[in-house]
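First comes the structure, then the notes that go with it.
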Amino acid sequence: MLDIKYVRQNLAEVEAALARRGAGVDLHPFRAADEERRRDLAELEALRHRRNRVSADIARLKKSGDPAETLVGEMREVSQRIRELEQRVGESEERLNEILLGLPNLPHASVPVGRDSSENPVVAVWGEPPRFDFEPRPHWEIGARLGILDLERAARIAGARFPLYFAAGARLERALINFMLDIHTAEHGYREVLPPFIVNRRSMTATGQLPKFAADLFKLEGWDYFLIPTAEVPLTNIHQEEILDEEDLPVAYTAYTPCFRSEAGSYGKDTRGLIRQHQFNKIELVRFSRPEDSYAELERLLAHAETILRRLGLPYRVVELCTGDLGFSAAKTFDLEVWMPGQNTYREISSCSNFEDFQARRGGIRFRRKGRKGTELVHTLNGSGLAVGRTVAALLENGQRADGTVEIPPALRPYMNGAELLRP
RNA sequence: GGAGGGAUGGCUGAGCGGUCGAAAGCGGCGGUCUUGAAAACCGCUUCCCGGAAACGGGACGUAGGUUCGAAUCCUACUCCCUCCGCCA
């Protein structure tokens, strides 16, 4: 959520910044509700002031046994008017809140202006795409031939876009989860978390999935509960409505969770393979920092995610999302895209973002500076470190050999009982 | 599922319907003492909104209600705890 004071004082700038995102927003309804609220609030507070004073007078009169009927009668009317104004102010606030919850974050000044993903600049490239003396296959064919991936049977059990791994495939997924968590906890200083995979409406609203993107979520019938689309939601909400100590920052959490996404509106896109699933595993990285540190923290977070790709020897590039491709809550985002030989293209495997105080304001996540009064909102960041299913896909495609076997990267072999190859 | 208890400041925890934003303790900050530190002692320290400030308003789980006036009374809801039952 944007700061209401900032929006009020910079209406035109906010509209312009949101226009750069491609979100044409008219803030006139905001202004109208805001002015109405402030007008009513001024009257309301004046009346409450009067009531407070007169109530004290009444108390004094009663104590000394003097009659107070005149004042009591007068206050009856004042209280009636107060109730009316409270009602009106409440309605204005509801309107304002609804508007503010629907506004996306403002892009950081450094974010390149662009319409969509085609205008995302590539900021770094790592590794050489492998060369094959045969036609590289897509991962779903490799996985099927190895007998470790069975998306047809998964469809029977659940439906399209669900995973079903067997044997070395299941083991590979588990190996990657442990491999990534071990690096992030032992080398990058993250505290490991195993959070709920189902969260309430409040948490979804704090991180920005709600109210606008309900259609992307799986909701439990008969409950106000949702399956998490990413561990960002439970991890960021760990400190919902808390005041952290400055010396505890930055706070860094990592978690393995499955992720559930309805993928509404993506019909026909990536219908084959592991790229776009209703359920997939992901290792998430979440950081809470002081405002002045958050962009250095973003670099750090990005480097942590990159480490995984490098250790696995997977070629990738870093792209910076332009204003038009930025997610709702993010102020700035870098995507990591891994090379997929079977598809002859780079595919997103991690997304690392700084949300600044956007989520912290929605979730009430603050900190207190050492030796100073008052509180400030923290900055929140998160990134995938990495999406596990897509990592499996990348390993299968990059490690494939002419005879149908797949080479396991050396760094992962200890997690695979020392095996060097996946064979049919 | 059944029975009971509870929700108050960063934390623990008091609080007859009327100077209660709230006792006390802990923690934090500043000071005295000390070569320094600790201890001891003194002072300050809830959060949010408006305001340069003075000051004003609000918040005691949430939402309503009663009342001139609610942390205190009533209703509903949410969450937590204890016991019983069931259960991976």
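The model shown is predicted, which means the values in this text are computed figures rather than measured ones.
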Say you pick atom P in B/U72 and the same atom in B/U62; how far apart are they, in whole Å? 11 Å
Quick check on B/G69: is either OP1 or OP2 less than 4.0 Å from any side-chain nitrogen or oxygen of A/N52? no
Same-atom distance (C1') from B/C55 to B/G65, integer angstrom: 33 Å
Closest to the side chain of A/R368, out of B/C48, B/G50, B/G10, is B/G10
Report the distance from atom OH of A/Y6 to atom C1' of B/C49, rounded to the nearest whole Å. 21 Å
Quote, to the nearest angstrom, the P distance that separates B/G85 from B/G64. 41 Å
Quick one: on RNA chain B, does A/E45 or A/A59 contact a more 5' nucleotide (nearest heavy atom)? A/A59
Just N and O in the side chain of A/S79: are any of them under 4.0 Å from OP1 or OP2 of B/U67? no
Flag the pair A/R95 / A/R37 as yes when at least one side-chain heavy-atom distance between them is below 4.5 Å, and no otherwise. no
Can you tell me the distance, in whole Å, between the CD atom of A/E241 and the P atom of B/C11? 12 Å
Using modelled atom types only, decide if a donor and an acceptor are shared between the side chain of A/D26 and the backbone of A/H28 within a distance under 3.5 Å. yes
Flag the pair A/L18 / A/V14 as yes when at least one side-chain heavy-atom distance between them is below 4.5 Å, and no otherwise. yes
Using the P atom in both, what is the distance from B/A63 to B/A24, to the nearest Å? 30 Å
When you check the gap from the basic side-chain N to the acidic O, do A/R83 and A/E86 get nearer than 4.0 Å? no
How would you label the contact of A/L71 with the nucleic acid (heavy atoms, under 4.0 Å): base, sugar-phosphate, or nothing? nothing
Under 4.0 angstrom between A/H49 side-chain N/O and B/G56 OP1 or OP2: no
Between A/Y165 and A/R171, is any side-chain donor less than 3.5 angstrom from a side-chain acceptor? no
Tell me every residue that passes ring-ring contact (aromatic ring centres under 6.0 Å, His included) with A/Y253, counting only those two or more places apart in sequence or in another chain. A/H239
When we call it a touch if two heavy atoms are under 4.0 Å apart, what does A/R366 touch: a base, just sugar-phosphate, or nothing? sugar-phosphate
Any A/K62 side-chain N or O less than 4.0 Å from OP1/OP2 of B/G17: no
Which label fits A/Y225 and A/W223: parallel for a plane angle under 30°, tilted from 30 to 60°, or perpendicular past 60°? parallel
Distance check, C1' atoms only: B/G15 and B/C79, in whole angstrom units. 23 Å
Between B/A70 and B/G57 - P atom distance, rounded Å: 14 Å
Please tell me if A/R76 has a side-chain N or O lying less than 4.0 Å from either OP1 or OP2 of B/C68. yes
Between A/R50 and A/R38, which residue's closest nucleotide on RNA chain B lies nearer the 5′ terminus? A/R38
Once pairs are restricted to Watson-Crick or G-U wobble with both distances under 3.5 Å, how does RNA chain B read as a dot-bracket string, [ ] for crossings and | for other-strand pairs? (((((((..(((.....[.....)))((((((.......))))))(((((....))))).(((((..]....))))))))))))....
